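The next block holds one structure in the form of structure tokens; read it before the comments.
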Amino acid sequence: MSYDLFGNLDSDQPVGSLGDAREEGAPLAVRMRPRSLDEIVGQRHLLGPGSPLRRLVAGQAMSVFLWGPPGVGKTTLASIVSRESGARFVEISAVSAGVKEIRAELEAARRALHQGQPTVLFIDEVHRFSKTQQDALLPAVENRLVTLIAATTENPSFSVIAPLLSRSLLLRLKPLDDDDIAGLVDRALADERGLAGAVALEPATRQELVRMAQGDARRALTYLEEAAASAISLDAQTVTPEILSAAVDRATLRYDRDGDQHYDVISAFIKSVRGSDVDAALHYLARMLEAGEDPRFIARRLVISASEDVGLAAANVLPTCVAAAQAVQLIGMPEARITLAHATVVAASAPKSNAAYLAIGRAIADVQAGKGAQVPMHLRDGSVKASRQAGFGQGYKYAHDYPHHVVAQQYLPDDLVGTRYYEPTDNGAERAVAERLDAVRHILDGARRSARGADSDRVAPSGEEGGDDGRR
């Protein structure tokens with residue numbers, strides 16, 4: 001029996017071998033992998049009677065996407081479906097598999113199906129598949145040649161092609177809560193597949209272990225395994241907080257090297273960029289690159305940070321990060337590390353503002369709350385004769401005909417007049433934006449201070465309304 005880099009069973013193992021993970025040397029997280037849906041920790045919203053997972057286990061052919069953070073049981077669920085449905089289990093990693101490998105597995109699944117053996121095809125990190133690779137799966141999914149179970153930590157709506165997603169169910173897995181992790185730790189301490197009572201945890205140690213796991217079952221069991229080994233080597237029967245702390249340092253190094261701390265390190269990277277610590281940002285960038293992280297993923301996060309954390313305080317950072325993302329696509333590694341370092345230094349050293357990020361959040365909150373009456377009549381499209389006759393576009397003032405290209409008139413719906421979503425900071429170039437915006441808002445507010453239509457400002461000639469010159 002063999003295991004892959006992350007402690008998962010080798011995809012070539014027969015279905016029945018999933019229960020043999022108790023053999024000496026297997027990681028604790030593998031030995032404690034649930035053998036049935038009833039042993040699953042958390043995900044109660046997906047495990048009720050008649051749920052898709054229950055129907056999958058019962059042998060109903062369907063394809064599903066499991067979307068959730070690391071360590072919540074995506075691979076385990078696929079294994080259980082295979083085991084309990086009697087299907088052969090084939091695992092493909094999107095990191096290493098190409099179209100050739102996909103087609104070979106699908107052909108093997110076709111031969112097995114002719115012999116009465118269905119196949120569960122599990123694809124880990126499916127968001128890393130290219131469009132061509134995803135297209136290769138379509139016929140097999142549509143014709144139910146395989147039961148596709150695809151796992152992803154990213155929103156499939158952005159990373160999976162629509163035809164494939166529309167032929168599958170999307171199931172969202174939630175992070176495990178503290179009670180789930182605590183129950184899993186207690187089970188691992190007592191279960192014969194786990195530590196079988198070899199050590200105990202002090203209450204404070206148990207609480208600290210649950211906190212450090214942050215909803216990740218694999219992380220909790222990895223830390224517990226290291227701590228238990230340390231206690232045993234010290235001839236201690238109880239794991240103290242001090243033993244746990246020392247053990248976690250060792251486990252973290254292994255975790256990083258295997259790529260399991262993918263989200264922790266990217267989180268530290270972005271927070272270092274946000275906090276303007278250039279050196280810390282470069283450190284976490286180096287850790288990700290050395291661990292084999294997809295440079296395109298790093299580039300995408302930099303692009304997001306350029307708008308979320310830098311914004312108009314240094315508007316040039318966004319095009320720099322977009323250019324870096326494009327360059328990474330063009331040149332690849334190892335040279336892409338230079339481009340990523342360039343963009344990282346630019347973003348981390350720039351003045352910061354999250355004003356635009358907060359502004360869209362406030363605007364969306366109002367829309368979701370049902371605020372925002374009808375569009376004011378003078379702003380409506382008057383390009384069609386019937387619309388003009390109904391008064392659409394009448395009284396609209398063409399801003400370019402006025403001093404500074406700004407004119408006092410109402411733009412927001414009636415129930416939102418005077419609302420302020422965007423509040424610029426005094427950081428970097430946004431200081432100038434704030435000064436101009438104050439002046440503009442003072443002019444626009446004149447529409448509220450004056451009676452509608454009472455001012456002497458010129459309006460666009462009626463013959464221009466509804467034209468094609470951009471004045472609608």
Side-chain angles (χ1 to χ4, degrees), residues 155 157-158 161-163 165-166 303-304 306-308 310-313 315-319 322 353-425 429-472:
N155 189 337
S157 300
F158 301 118
I161 59 174
L165 201 57
S166 67
V303 171
I304 295 168
S307 289
E308 178 180 348
V310 180
L312 273 70
N316 63 302
V317 173
L318 177 58
V322 170
S353 169
N354 67 341
Y357 167 74
L358 295 176
I360 188 60
R362 296 180 187 121
I364 288 174
D366 274 355
V367 171
Q368 291 176 341
K371 297 181 181 179
Q374 293 185 343
V375 175
M377 289 290 287
H378 61 284
L379 297 185
R380 299 186 192 181
D381 181 15
S383 59
V384 180
K385 182 178 180 181
S387 298
R388 290 196 298 273
Q389 291 176 341
F392 289 15
Q394 297 298 316
Y396 169 64
K397 302 173 184 177
Y398 188 58
H400 295 299
D401 286 342
Y402 295 83
H404 309 295
H405 297 235
V406 180
V407 59
Q409 64 181 336
Q410 179 181 331
Y411 291 97
L412 279 166
D414 290 343
D415 60 334
L416 291 174
V417 169
T419 301
R420 297 287 188 258
Y421 293 125
Y422 176 56
E423 297 293 347
T425 69
E430 201 167 34
R431 178 190 295 271
V433 175
E435 293 173 355
R436 170 174 167 75
L437 193 56
D438 283 344
V440 169
R441 283 175 169 169
H442 180 76
I443 295 173
L444 295 179
D445 287 346
R448 288 188 292 153
R449 293 191 296 266
S450 303
R452 187 170 298 175
D455 58 38
S456 59
D457 289 326
R458 295 180 296 117
V459 296
S462 59
E464 294 176 349
E465 291 173 357
D468 293 327
D469 62 353
R471 299 186 178 206
R472 289 200 299 270

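Remember, it's a predicted structure, so these values are computed and weren't measured experimentally.
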For a side-chain contact (heavy atoms from CB on, under 4.5 Å) check, start with the C-alpha distance between V406 and R436, then their side-chain angles and the critical distance, and finish with the verdict. CA-CA 11 Å; V406 180; R436 170 174 167 75; 4.2 Å; yes
Name the one of L358, L416, I360 that satisfies side-chain contact (heavy atoms from CB on, under 4.5 Å) with Y421? L416
Non-hydrogen atoms of [X] and [Y] that approach each other most closely:
| X | Y | value |
| --- | --- | --- |
| E423 | A355 | O-CB, 3.4 Å |
| R441 | Y422 | NH2-O, 2.8 Å |
| V317 | A306 | CG1-CB, 3.9 Å |
| Q410 | L379 | O-CD1, 3.8 Å |
| D415 | A373 | OD1-N, 2.8 Å |
| A434 | T425 | CB-O, 4.1 Å |

side-chain contact (heavy atoms from CB on, under 4.5 Å) between Y396 and Q409, worked out: CA-CA 8 Å; Y396 169 64; Q409 64 181 336; 3.5 Å; yes
Hey, could you give me the [atom1]/[atom2] distance between [X] and [Y], rounded to the nearest 0.5 Å?
| X | Y | atom1 | atom2 | answer |
| --- | --- | --- | --- | --- |
| Y398 | H405 | OH | NE2 | 9.5 Å |
| S307 | N354 | OG | CG | 12.0 Å |
| R420 | L437 | CZ | CG | 7.5 Å |
| Q394 | Q389 | CD | CD | 10.5 Å |

Short side-chain to backbone donor-acceptor contact, R388 and G393, under 3.5 Å: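 No: the side chain of R388 does not pair with the backbone of G393.
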Would you say OH of Y411 has more than 12 non-hydrogen atoms from neighbouring residues, nucleotides or ligands within 6.0 angstrom? yes
